[in-house]
Amino acid sequence: MPLDVPAIRSEFPIFRRTINGKRLVYLDSAASSQKPQAVIDAMVHVWSHSYANVHRGLYTLAEEATMAYEDARAKVARFVNASDVAEVINVRNATEGINLVAYSWGEQHVHAGDRIVITELEHHANLVPWQQLAKRKGAKLAYIPVTDDGLLDITVLPGLLDDGRTKVVACSVMSNVLGTLPPVVEIAAMAHAAGALVVMDGAQAAPHMPIDVQSIGADFLAFSGHKLCGPGVGVLWGRRELLEAMPPFLFGGDMILTVKREDSKWNALPYKFEAGTPAIAEVVGLGAAIDYLTGIGMPAIQEHERRLLPYAIARLSEIPELRVLGPGPAERGAVVSFTLEGVHPHDIGALLDEEGICVRAGHHCAQPIHDRFCIPASARASFYIYNDENDVDDLVAALRKTVSLLARR
Ligand code: PMP
């Protein structure tokens with residue numbers, strides 16, 4: 001069943017507003033998605049009805065807040081098919097989740113002369129933490145290259161794994177620039193066969209497709225709530241035995257069992273990795289976002305974007321000055337980065353804004369992949385459940401207007 005996009009749009013209050021007198025065409029969900037009323041209501045309900053700190057008080061409000069917070073964790077666990085709810089760690093965002101692994105696991109297991117393998121298409125969040133770990137440890141950082149078609153060239157991987165020095169392979173499940181869907185299951189199988197750990201950046205994938213951590217081959221998977229209709233909170237899922245063996249990343253309240261003057265003992269999972277007061281209403285909001293998305297159905301969402309993406313690429317390709325980056329529609333998710341000959345992406349962004357259209361312009365926190373294609377920046381249109389062909393048509397019309405306007409100048 002195709003998604004009823006007008007009905008979905010009506011559930012997002014932001015689409016009632018206009019931008020510069022035009023209807024809002026929101027094409028920047030890869031940066032952050034809009035929020036349905038159900039998520040806003042869930043957070044307001046916590047604050048106005050059941051708010052207190054969690055895991056501490058013995059009074060009714062504290063128990064209600066704790067139950068809502070832990071109920072949301074259970075929803076996240078089901079959403080990614082975790083076998084154990086204690087494997088779900090609430091963090092600030094995907095960035096913090098990856099940093100947690102790079103510090104806690106990385107400091108213990110990566111040594112001088114070891115290798116960390118990442119890919120050329122990583123977001124800085126899955127690049128800089130590994131680059132800096134490698135620097136601190138005197139380890140090597142190796143990149144799986146991207147082909148001219150925007151695909152990963154995994155033929156280099158056996159050569160990077162066969163000496164047994166690779167400790168970790170970190171890879172995005174979907175690129176935020178090219179939309180590329182790397183063969184993560186295959187990469188994980190190769191990495192595991194060579195004794196390396198696999199960290200997956202699910203920030204772009206989790207909002208758009210079903211994720212099953214038990215079959216995808218990840219040891220850790222990080223993603224952000226704000227890209228999947230939820231608020232600003234993130235998730236790190238990790239395999240229990242790995243998390244059990246890891247030292248805490250942050251120290252303080254709630255992550256301890258006992259504290260004496262000279263030493264402390266750590267709390268059980270997942271609390272060992274949740275120092276201090278968490279983002280309580282945000283975590284509950286994430287649970288509501290997951291309810292909302294699973295209500296629509298993740299396979300249906302994936303199918304909707306699989307239908308919209310070829311239409312978007314075909315329509316954009318009608319503009320002779322426009323170059324779409326990345327692979328063909330069959331091998332990517334619903335993110336389309338492009339350049340327009342003679343027009344700086346920032347000007348594209350500003351001119352589209354006059355038409356009520358929101359796109360991202362810049363390097364999208366992924367400089368190495370732009371360097372790979374010898375461009376400093378690009379414009380990016382990204383699609384989600386509330387977008388349809390009308391949005392694509394408005395984008396194409398506005399881009400044509402941009403081209404003719406700048407040609408006249
Ligand atoms: N990885 C990818 C692929 C992303 O697109 C993003 C967000 N742009 C991140 C990681 C980081 O997400 P956050 O800023 O929520 O930590």
Side-chain angles (χ1 to χ4, degrees), residues 26-35 39 76 80 89-103 118-132 143-144 146 150 152 169-182 184 187 198-209 211 216 218 220-237 249 278-279 282-283 285-286 289-290 305 325-327 332-337 345 349 358-370 372 377-384:
Y26 190 74
L27 298 176
D28 198 18
S29 298
S32 203
S33 74
Q34 295 300 343
K35 319 301 170 200
V39 169
V76 173
V80 297
I89 317 286
N90 291 317
V91 289
R92 256 185 339 124
N93 44 39
T95 304
E96 187 174 294
I98 296 166
N99 273 278
L100 191 162
V101 181
Y103 272 98
I118 61 171
T119 88
E120 237 177 1
L121 52 68
E122 296 311 311
H123 185 280
H124 297 163
N126 199 32
L127 189 161
V128 186
W130 303 116
Q131 176 194 68
Q132 295 304 307
Y143 285 80
I144 303 177
V146 168
L152 278 191
V169 176
C171 180
S172 176
V173 186
M174 173 177 153
S175 158
N176 67 315
V177 178
L178 306 179
T180 310
L181 299 164
V184 284
I187 292 172
V198 177
V199 179
M200 292 191 194
D201 174 355
Q204 290 299 333
H208 302 281
M209 61 190 78
I211 297 279
I216 200 170
F220 295 97
L221 175 99
F223 59 97
S224 294
H226 67 92
K227 293 186 204 280
L228 50 78
C229 296
V233 71
V235 173
L236 175 71
W237 167 87
F249 171 46
E282 286 80 353
V283 169
L286 172 61
I290 285 173
E305 295 176 8
L325 304 175
R332 69 193 293 164
V335 164
V336 186
S337 295
C358 311
V359 297
R360 178 91 183 255
H363 55 59
H364 324 312
C365 301
Q367 276 185 321
I369 192 61
H370 283 84
R372 162 68 182 81
S378 60
R380 181 184 70 187
S382 52
F383 301 91
Y384 206 17

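Atom set for the values below is all heavy atoms of this structure, side chains included, hydrogens, waters and symmetry mates excluded. Model, not experiment: these values are computed from the prediction. Atoms within each ligand, like the ligands themselves, are counted from 1 in listed order.
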(message) Tell me every residue that passes side-chain contact (heavy atoms from CB on, under 4.5 Å) with Leu181, counting only those two or more places apart in sequence or in another chain.
(response)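 For Leu181 the side-chain contact (heavy atoms from CB on, under 4.5 Å) partners, ignoring immediate neighbours, are Met174, Met209.
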Atoms of ligand 1 less than 4.0 Å from [X] heavy atoms?
X: Ala203; value: 1 (N), 2 (C), 4 (C), 6 (C), 9 (C), 10 (C)
X: His226; value: 13 (P), 15 (O)
X: Ala125; value: 10 (C), 11 (C)
X: Ser224; value: 12 (O), 13 (P), 15 (O), 16 (O)

(request) Examine distances only and state if a side-chain atom of Thr119 and a backbone atom of Leu152 form a donor-acceptor pair shorter than 3.5 Å. (result)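 Checking the backbone N and O of Leu152 against the side chain of Thr119, no donor-acceptor pair under 3.5 Å is found.
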(message) Checking the side chain of Lys35 only, and the main-chain atoms of Gly230 only, is there a donor and an acceptor separated by less than 3.5 Å?
(response)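 Yes; judged by distance alone, with no hydrogens or angles, the pair exists.
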(request) Could you check atom 5 (O) of ligand 1 against the protein and tell me its nearest heavy-atom contact, residue, atom and distance included? (result)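 Protein heavy atom with the smallest distance to atom 5 (O) of ligand 1: Gln204 NE2, 2.6 Å.
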(message) Among His124, His123, Met174, Arg360, which one puts a heavy atom closest to atom 6 (C) of ligand 1?
(response)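 Going through His124, His123, Met174, Arg360 one by one, His123 has the nearest heavy atom to atom 6 (C) of ligand 1.
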(request) Can you figure out which of Val177, Val91, Asp201, Asn99 has its heavy atom closest to atom 1 (N) of ligand 1? (result)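 Among Val177, Val91, Asp201, Asn99, the closest heavy atom to atom 1 (N) of ligand 1 comes from Asp201.
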(request) Could you tell me how the ring of His124 sits relative to the ring of His363: parallel (under 30°), tilted (30 to 60°) or perpendicular (over 60°)? (result)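 Rings of His124 and His363: tilted, as their planes differ by 30° to 60°.
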(message) Taking 4.0 Å as the limit for heavy-atom contacts, which would you say applies to His364 with ligand 1: side chain only, backbone only, both, or neither?
(response)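 The answer is neither; His364 stays 4.0 Å or more away.
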(request) Could you tell me whether Thr95 approaches ligand 1 through its side chain, its backbone, both or neither, with non-hydrogen atoms closer than 4.0 Å? (result)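 For Thr95, the contact with ligand 1 is made by both the backbone and the side chain.
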I'd like to know whether ligand 1 has [X] as a neighbour, heavy-atom separation below 4.0 Å.
X: Asn126; answer: no
X: Lys227; answer: yes
X: Glu122; answer: no

(message) Whether the His364 and Ser378 side chains hold a donor-acceptor pair (N or O, under 3.5 Å, no angle test) is what I'd like checked.
(response)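 Yes, Ser378 and His364 have a side-chain donor paired with an acceptor closer than 3.5 Å.
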